[in-house]
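Notes to accompany the following structure.
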2 protein chains.
Amino acid sequence: MPARRRASNTSCPSRGSNLPSHAETLAELLRGRGHRVTRQRTIVFDALRKGARAGKHLSAETVYERVRQQHPEIDRATIYRTLNFFCELGLVHQADLNGRHVFEPTGTHPHHHLLCARCGHTLVLNADALQDLARTLLRKTGFRLDARHLILPGVCAHCARAAEQTA
Amino acid sequence: MPARRRASNTSCPSRGSNLPSHAETLAELLRGRGHRVTRQRTIVFDALRKGARAGKHLSAETVYERVRQQHPEIDRATIYRTLNFFCELGLVHQADLNGRHVFEPTGTHPHHHLLCARCGHTLVLNADALQDLARTLLRKTGFRLDARHLILPGVCAHCARAAEQTA
DNA sequence: TTCTGTGCAAACGCTTTGCACGACT
DNA sequence: AGTCGTGCAAAGCGTTTGCACAGAA
């Protein structure tokens with residue numbers, strides 16, 4: 001397999017492992033797979049969880065900023081390494097929001113996002129909204145859609161109304 | 001409007017203007033909108049058209065390389081500026097393929113892409129395949145899906161078969 | 001004690017930008 | 001002639017990497 005130089009992390013393999021609900025479970029999971037449990041990994045994972053609870057997708061940079069507030073000694077490189085590591089482990093999904101990578105823990109129920117081009121807000125879209133599409137694709141082309149975390153562009157109801165009134 | 005620093009070009013506004021079929025039409029269109037017709041713009045546009053004819057999405061870097069073969073004096077910065085310029089004019093669409101921006105002239109019939117995570121190949125998907133989804137979204141959430149050039153991840157029929165046999 | 005993971009610093013790839021010159025209108 | 005677009009060079013941003021040390025096993 002040719003070593004892709006960049007974007008090697010864009011397609012999280014995700015082995016279907018689900019998000020542990022407590023930090024302890026993270027520790028168990030890491031140890032169980034022969035990885036070490038470090039302060040940094042716990043901290044980064046907590047930051048992601050907090051972000052997810054707030055319905056936010058965090059970019060690597062954002063994670064770094066949040067982590068730094070409490071733990072200024074943790075390096076940017078560690079954040080990136082840890083995020084990619086989680087991604088490979090399937091603990092975290094990565095998506096592309098407006099050309100920027102964003103991360104979110106797996107295990108929050110499968111969903112996608114609707115990104116409004118006007119106001120920039122994102123709506124959560126339940127994953128099964130795409131099942132019809134997936135079925136059709138499979139039937140017609142044999143392509144097995146594996147869309148775990150899409151970000152679909154468009155215009156939200158609110159902005160659409162606003163646009164109509166202006167027109 | 002707050003000046004977004006980066007990714008300001010990620011969301012091509014696209015005013016619905018269609019691709020001219022000859023270089024002359026490009027010239028007319030540019031002049032018509034009060035822009036200058038330059039050698040560089042014509043060359044870049046031709047490169048994109050050639051790429052599109054070959055069914056390829058070209059990254060800025062690829063466009064640069066192709067252009068450079070014939071016109072080594074044209075600078076990388078010009079390529080980027082010109083691509084963004086075309087994008088703003090709605091002559092070109094931009095999509096995000098595996099974390100890389102790719103460009104394609106508008107006016108090739110509206111379509112999306114299915115990107116196989118295994119072999120990396122892309123299949124073209126007719127745009128109306130998403131119309132059911134768009135309708136459902138509009139009805140349920142009021143969100144007006146405006147997906148002109150999505151790249152959907154998954155596994156192509158060929159790779160799916162190969163995976164089954166291994167399993 | 002061993003060896004993985006980290007901090008540090010530097011490099012990387014892609015993209016944008018400031019400036020002065022060149023060329024389209 | 002006026003001004004937009006370009007080449008050049010440098011910087012920017014997000015991200016990765018080499019190396020030596022720290023700390024989990």
Side-chain angles (χ1 to χ4, degrees), chain A residues 3-10 23-24 26-45 57-65 67-68 71-89 94-103, chain B residues 3-10 23-24 26-45 57-65 67-68 71-89 94-103:
Chain A
R4 285 174 291 171
R5 275 174 313 174
R6 254 179 66 87
S8 56
N9 49 355
T10 304
E24 289 171 284
L26 170 68
E28 286 166 16
L29 190 147
L30 287 176
R31 251 188 288 264
R33 298 208 194 168
H35 298 289
R36 296 194 176 166
V37 181
T38 66
R39 211 171 54 89
Q40 290 86 338
R41 287 178 176 167
T42 312
I43 289 168
V44 168
F45 195 73
H57 290 71
L58 305 180
S59 69
E61 207 59 22
T62 310
V63 173
Y64 173 58
E65 277 161 22
V67 165
R68 192 174 43 163
H71 311 276
E73 74 282 2
I74 296 185
D75 194 77
R76 199 186 249 100
T78 301
I79 304 291
Y80 280 95
R81 276 190 285 233
T82 306
L83 288 173
N84 285 341
F85 171 72
F86 285 163
C87 211
E88 279 162 23
L89 252 55
Q94 191 186 46
D96 199 288
L97 180 85
N98 242 350
R100 215 177 214 84
H101 291 158
V102 289
F103 299 87
Chain B
R4 285 174 290 171
R5 275 174 314 174
R6 253 181 67 88
S8 57
N9 48 358
T10 305
E24 287 170 285
L26 170 67
E28 286 166 16
L29 190 147
L30 288 175
R31 252 187 287 264
R33 298 207 193 170
H35 299 290
R36 296 194 177 168
V37 180
T38 66
R39 209 171 55 89
Q40 290 87 336
R41 287 178 174 165
T42 312
I43 290 169
V44 168
F45 196 72
H57 291 71
L58 304 181
S59 69
E61 207 59 22
T62 311
V63 173
Y64 174 57
E65 277 159 23
V67 166
R68 191 175 42 163
H71 311 276
E73 74 283 2
I74 297 186
D75 194 75
R76 197 185 251 101
T78 302
I79 304 290
Y80 280 97
R81 275 190 285 234
T82 305
L83 287 174
N84 285 341
F85 171 72
F86 285 162
C87 210
E88 278 161 25
L89 251 56
Q94 191 186 46
D96 198 287
L97 179 84
N98 241 348
R100 214 177 215 86
H101 291 158
V102 289
F103 299 87

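Sequence lines set the chain letters: A, B, ... in the order given, protein chains first and strands last, and positions in each chain run from 1.
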Starting from the 5' end of DNA chain D, give me the residue, B:P72 or B:G34, whose nearest nucleotide shows up first.
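The 5'-side residue here is B:G34.
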Report the distance from atom [atom1] of [X] to atom [atom2] of [N], rounded to the nearest whole Å.
| X | N | atom1 | atom2 | result |
| --- | --- | --- | --- | --- |
| A:E88 | C:dT4 | CD | P | 15 Å |
| B:I74 | C:dA23 | CD1 | P | 13 Å |
| A:D75 | C:dA10 | CG | P | 13 Å |
| A:I79 | C:dG7 | CD1 | P | 8 Å |
| B:R76 | C:dG13 | CZ | C1' | 9 Å |

Could you give the distance from [atom1] ([X]) to [atom2] ([Y]), rounded to the nearest 0.5 Å?
| X | Y | atom1 | atom2 | answer |
| --- | --- | --- | --- | --- |
| B:L89 | B:L30 | CG | CG | 6.5 Å |
| B:R68 | B:E61 | CZ | CD | 8.0 Å |
| A:E88 | A:Q94 | CD | CD | 10.5 Å |

Given [options], the nucleotide with the shortest approach to the side chain of [X]:
| X | options | answer |
| --- | --- | --- |
| A:V37 | C:dG5, C:dT25, D:dA25 | D:dA25 |
| B:E61 | C:dC14, C:dG7, D:dT6 | C:dC14 |
| A:T82 | D:dG7, C:dT6, C:dT15 | C:dT6 |
| B:T78 | C:dG7, D:dG7, C:dT15 | D:dG7 |

Which atom of B:Y64 lies closest to which atom of B:D75, heavy atoms considered:
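Heavy atoms only, the tightest pair is CE1-C, 4.0 Å.
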Would the base of C:dT4 count as contacting A:R36 through its side chain, where contact means a donor and an acceptor less than 3.5 Å apart?
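Answer yes: a donor N or O sits under 3.5 Å from an acceptor.
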Is the base of C:dT16 touched by the side chain of B:R81 through a donor-acceptor pair closer than 3.5 angstrom?
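For B:R81, whose side chain was compared with the base of C:dT16, there is no donor-acceptor pair (under 3.5 Å).
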Ignoring hydrogens and geometry, is there a side-chain-to-backbone donor-acceptor pair from B:R41 to B:R36 under 3.5 Å?
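A pair under 3.5 Å: yes.
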Check every strand shown and say whether A:R41 touches a base, only sugar-phosphate, or nothing at a heavy-atom separation below 4.0 Å.
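Sugar-phosphate, no base atom in range.
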Categorize B:A77 for me: base, sugar-phosphate, or nothing, with a 4.0 angstrom heavy-atom threshold over every strand shown.
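The answer is base, as B:A77 lies within the cut-off (heavy atoms under 4.0 Å) of a base atom.
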According to a strict under-4.0 Å criterion, is [X] in side-chain N/O contact with OP1 or OP2 of [N]?
| X | N | answer |
| --- | --- | --- |
| B:Q40 | D:dG7 | yes |
| A:H101 | D:dG14 | no |
| B:Y80 | C:dT16 | no |

Select from A:H35 and B:S59 the residue whose nearest nucleotide in DNA chain C is closer to the 5' end of that strand.
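Nearest-nucleotide comparison on DNA chain C picks A:H35.
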